[in-house]
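Hydrogens, waters and symmetry mates are skipped; everything else that's a heavy atom, side chains included, is used.
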Amino acid sequence: MGTRLLTGKAVEPNLVQFKKGVLELCVLALLSRADSYGYDIASRLSDAIDMGEGTIYPLMRRMQKDGLVSTYFVESSSGPPRKYYTLTENGRHSLEAQRSAWVTFTQAVSAILAPLAQGEPTPNANSATGNQNAASSTPAGTTGHSPLTVQKTFRNTQP
């Protein structure tokens, strides 16, 4: 019901969005290792995360327009010259910022998705009755909050 068929495989619609969301980060990471041409980038991404060529070329044009990559041509023995992509300084900065954000985000999501450790209170245990024991199971020096947690201080307005 919540799945659709894509090239013979049932794929969650959210998975497609996840892939699109990390595509630029993946391209930047590949180019940080070595300059490459479009078809090679598309093949590597197809192998790794099942993304097709049709998605890569518009992204590469946008990344070039945004100054994240630049291009140059290399003669090919099997046809016309190949357009190679290389990271610019802006591309390197973008890669590091996106990589840091990705690590923080995935750690927060993994913490939310992780099964509860034995003996840990259930998520609703600290809700309406107060939060007295919530910090007791957190390691010293930590707040017990993930990067996605919003802390709000409530003031008692009654005299």
Side-chain angles (χ1 to χ4, degrees), residues 1-117 120 123 126 134-135 137-154:
M1 180 178 199
T3 63
R4 65 184 172 119
L5 221 48
L6 182 66
T7 62
K9 299 179 209 169
V11 177
E12 289 290 331
N14 289 341
L15 184 57
V16 173
Q17 293 304 316
F18 296 158
K19 290 176 182 183
K20 287 181 180 177
V22 299
L23 194 54
E24 181 177 304
L25 174 58
C26 290
V27 169
L28 291 171
L30 289 174
L31 290 176
S32 73
R33 296 177 188 138
D35 296 357
S36 192
Y37 54 98
Y39 182 76
D40 183 52
I41 294 168
S43 295
R44 291 164 67 189
L45 288 172
S46 177
D47 291 346
I49 60 173
D50 197 26
M51 289 301 288
E53 248 184 273
T55 311
I56 304 305
Y57 289 106
L59 172 65
M60 299 309 296
R61 282 191 294 275
R62 183 186 58 74
M63 290 173 66
Q64 185 176 3
K65 186 179 138 232
D66 292 347
L68 301 176
V69 299
S70 61
T71 61
Y72 61 92
F73 286 91
V74 173
E75 290 297 322
S76 170
S77 60
S78 62
R82 288 185 174 149
K83 181 193 260 186
Y84 273 72
Y85 295 89
T86 186
L87 280 185
T88 63
E89 194 60 34
N90 285 343
R92 291 188 193 291
H93 291 301
S94 181
L95 170 60
E96 290 312 312
Q98 288 185 48
R99 185 187 321 236
S100 176
W102 175 255
V103 168
T104 300
F105 178 73
T106 56
Q107 286 174 344
V109 171
S110 292
I112 291 168
L113 296 178
L116 293 173
E120 205 174 304
N126 297 321
S137 64
T138 59
T142 64
T143 63
H145 298 285
S146 74
L148 296 178
T149 301
V150 176
Q151 295 180 11
K152 185 166 185 174
T153 304
F154 292 97

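When side chains are defined from C-beta on, L68 does not count as touching L95, because their heavy atoms never get closer than 4.5 Å. Side chains of R61 and P58 form a contact here, defined as non-hydrogen atoms less than 4.5 Å apart.
The backbone N or O of A42 lies less than 3.5 Å from no partner atom in the side chain of S46, so there is not a single donor-acceptor pair. Side-chain atoms of S100 do not come within 3.5 Å of backbone N or O of E96 as any donor-acceptor pair. Within the 3.5 Å criterion, the main-chain N or O of I49 finds a donor-acceptor partner in the side chain of K19. Using a distance-only test at 3.5 Å, with no hydrogens or angles considered, no donor-acceptor pair links the side chain of Y37 to the main chain of F73. The backbone N or O of N90 sits nowhere less than 3.5 Å from a side-chain atom of S94 that would complete a donor-acceptor pair.
Note that the CG atom of L23 and the CG atom of L59 stand 5.0 Å from one another [nearest 0.5 Å]. Distance check, rounded to the nearest 0.5 Å: CZ of R82 to OG of S77 gives 7.5 Å. Note that CD of Q98 and CG of L28 are 5.5 Å apart. Values are rounded to the nearest 0.5 Å.
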Any chance you could lay out the side chain to side chain contact (heavy atoms under 4.5 Å, CB included) test for L87 and V69, step after step, and finish with the verdict? CA-CA 4 Å; L87 280 185; V69 299; 4.2 Å; yes
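Contact detail for I41 and M60: the closest heavy-atom pair is CD1-CE, 3.9 Å. Listed here is the closest heavy atom pair of D35 and Y84: C-CD2, 4.0 Å. Heavy atoms only, all atoms of each residue included: D40 and S36 are closest at OD2-OG, 2.6 Å. The minimum heavy-atom distance between R92 and S32, with the atom names listed, is NH1-CA, 4.3 Å. Residue R99 comes nearest to L25 through the heavy atom pair N-CD1, 3.8 Å, listed as atom of the first residue, atom of the second, then distance. The two atoms that bring T88 and S70 nearest to each other are CG2-N, 3.7 Å, heavy atoms only.
Around atom OH of Y39, no more than 12 heavy atoms belonging to other residues, nucleotides or ligands sit under 6.0 Å away.
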